[in-house]
Amino acid sequence: MRKIVLALCILMVLAITGCGGDKGVNETGYSDEPLIDREGNKLDSADAERLYESAREFLVDGDPDRALRLYAEVQARFPFSPYAAQAEMESVAAHYKAKEYEAAVSAADRFIKQRPRNAHIDYIYYIRGLSNYDRNDPGLLGGDPDKRDTRFLKQAFTDFNLLVENYPQSVYRKDAQLHMVEIRNRLAEFEINVAEYYLRRRAYVAASRRADSVIQRYQGSDSVPRALEIMEESYAKLGLSDLAEDARAILQASYPNYVLHRDEFYRQRAGETPRYALPAMDSPASEGEVIDSDADSDATQAQ
């Protein structure tokens with residue numbers, strides 16, 4: 001009997017709490033405060049066009065939170081108006097600008113599922129890619145996020161790749177490609193960091209396999225030469241001299257400038273001031289172009 005009474009009390013408390021939690025929230029999920037435009041005019045009885053235009057003004061002016069409230073009103077009040085689809089699409093961008101990346105991805109997913117043939121669907125894939133790209137930030141833990149988790153980067157690469165492959169005429173295609181190149185380099189560097197860890201722990205089999213995955217999956221990235229070095233060292237430590245020599249031969253033949261300019265390559269990669277301009281790592285062996293530091297200094301003083 002006591003257990004039944006206790007259970008009923010818990011249910012009553014939960015019910016009261018649930019009712020209290022909805023206070024001040026309307027059917028759109030946003031605050032129940034009066035709707036206003038930028039000038040402070042009330043929009044409670046505004047039509048779809050005025051609500052949408054006011055939302056767009058807030059978005060352009062850098063106030064995505066207010067824009068989201070009005071976009072939600074457009075969709076809730078006028079779901080069949082021509083402004084509803086536009087409001088839904090721009091809500092994806094508003095979530096992104098508000099740095100609500102998870103919400104932006106969810107909104108993008110809904111839009112893609114419900115409106116796959118929309119004329120601006122390429123834009124949605126682009127914003128989805130940017131949102132996943134920016135989700136891979138330090139957050140509360142700080143430090144380099146690429147050393148902890150790369151799943152959002154991988155998803156961003158997929159988003160950008162879908163845009164590039166399916167919408168070749170998109171104005172966002174070029175920027176998506178640039179992001180893909182950067183993501184590929186970051187993912188390859190992540191794998192190299194893991195391979196380096198195994199190398200330090202003398203886990204040579206694991207190190208060689210991780211380095212080989214860089215070569216197989218991230219051809220063209222600037223981590224491939226280091227992957228070959230790790231393979232050479234790992235194979236040598238394992239007594240596999242033939243495989244070690246093969247790795248060294250491939251490195252020298254494919255990346256002659258990496259061998260010649262290795263120290264400067266890593267100096268510049270670490271963000272230090274370049275001593276000279278590096279030639280392409282996979283081009284024929286050549287001397288780097290010396291940077292005229294005096295000329296740069298004179299130019300800086302002239303400015």
Side-chain angles (χ1 to χ4, degrees), residues 24-137 139 152 155-156 159-160 162-164 166-180 182-183:
V25 177
N26 60 23
E27 66 274 11
T28 67
Y30 289 89
S31 169
D32 207 17
E33 297 177 359
L35 298 172
I36 57 173
D37 61 16
R38 284 193 313 161
E39 287 72 34
N41 300 313
K42 291 187 177 181
L43 299 171
D44 294 324
S45 59
D47 59 13
E49 181 179 6
R50 189 179 175 200
L51 281 171
Y52 167 74
E53 292 297 338
S54 296
R56 189 175 180 82
E57 288 177 358
F58 278 126
L59 183 62
V60 172
D61 285 351
D63 194 345
D65 293 327
R66 288 185 179 274
L68 282 165
R69 167 83 191 282
L70 295 179
Y71 284 137
E73 289 290 335
V74 173
Q75 295 173 72
R77 292 191 199 175
F78 310 98
F80 304 109
S81 73
Y83 297 100
Q86 193 68 16
E88 185 179 358
M89 181 183 72
E90 292 180 17
S91 292
V92 179
H95 280 301
Y96 174 71
K97 289 188 175 183
K99 297 185 179 181
E100 299 171 353
Y101 302 128
E102 185 175 355
V105 170
S106 296
D109 287 343
R110 288 194 300 272
F111 191 93
I112 291 169
K113 183 178 180 180
Q114 296 172 5
R115 308 178 190 276
R117 299 185 183 280
N118 185 276
H120 304 290
I121 196 70
D122 59 323
Y123 177 70
I124 298 300
Y125 278 110
Y126 178 65
I127 296 297
R128 191 180 194 280
L130 290 178
S131 298
N132 276 313
Y133 178 86
D134 286 336
R135 286 172 87 178
N136 205 72
D137 62 14
F152 294 133
Q155 184 56 58
D159 295 332
F160 289 133
L162 285 170
L163 168 60
V164 169
N166 296 328
Y167 308 97
Q169 304 305 317
S170 172
V171 295
Y172 308 106
R173 188 172 187 268
K174 183 63 177 178
D175 192 61
Q177 288 176 316
L178 293 175
H179 274 87
M180 288 172 68
E182 184 195 353
I183 292 171

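Treat the numbers as computed from the prediction; the structure is a model and nothing was measured.
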- Query: Run the side chain to side chain contact (heavy atoms under 4.5 Å, CB included) check on R128 and D109 step by step: do they pass?
  - Reply: CA-CA 8 Å; R128 191 180 194 280; D109 287 343; 2.6 Å; yes
Could you check whether any side-chain heavy atom of [X] comes within less than 4.5 Å of a side-chain heavy atom of [Y], counting everything from C-beta outward?
X    : Y    : result
F111 : M89  : yes
R56  : Y71  : yes
Q86  : V74  : no
F160 : I183 : yes
L178 : E182 : no

- Item | Plane angle bin for Y123 and Y172 - parallel if under 30°, tilted between 30 and 60°, otherwise perpendicular |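 Judged by the thresholds at 30° and 60°, the geometry between Y172 and Y123 is tilted.
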- Parallel, tilted or perpendicular for Y96 and Y101, by the 30°/60° rule?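 Tilted.
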Just verifying a value: how many Å separate [X] [atom1] and [Y] [atom2], rounded to the nearest 0.5 Å?
X    : Y    : atom1 : atom2 : answer
L163 : I121 : CG    : CD1   : 10.5 Å
N132 : I127 : CG    : CD1   : 11.5 Å
K97  : D65  : NZ    : CG    : 12.5 Å
N118 : I112 : CG    : CD1   : 10.5 Å
E49  : S54  : CD    : OG    : 10.0 Å
L70  : R77  : CG    : CZ    : 9.0 Å

Over all heavy atoms of both residues, which pair between [X] and [Y] is shortest? Give the atoms and the distance, please.
X    : Y    : value
L59  : E90  : CD2-O, 4.2 Å
S91  : Q75  : OG-NE2, 3.6 Å
L35  : L51  : CD1-CD2, 4.3 Å
A104 : S131 : CB-OG, 3.4 Å
A84  : P79  : CB-O, 3.5 Å

- Go through the steps to decide whether D122 and Q169 satisfy the test side chain to side chain contact (heavy atoms under 4.5 Å, CB included), and finish with yes or no. CA-CA 10 Å; D122 59 323; Q169 304 305 317; over 6 Å; no
- Y133 versus D159, side-chain donor and acceptor atoms under 3.5 Å: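 Result is no, nothing qualifies.
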- Main-chain N/O of F78 paired to S81 side chain as donor or acceptor, under 3.5 Å: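 Yes, the answer is positive, given that a donor and an acceptor are paired below the 3.5 Å cut-off.
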- Could you check R135, E100, H95, R110 and say which one makes a side chain to side chain contact (heavy atoms under 4.5 Å, CB included) with V105?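 Output: one option passes, namely R135.
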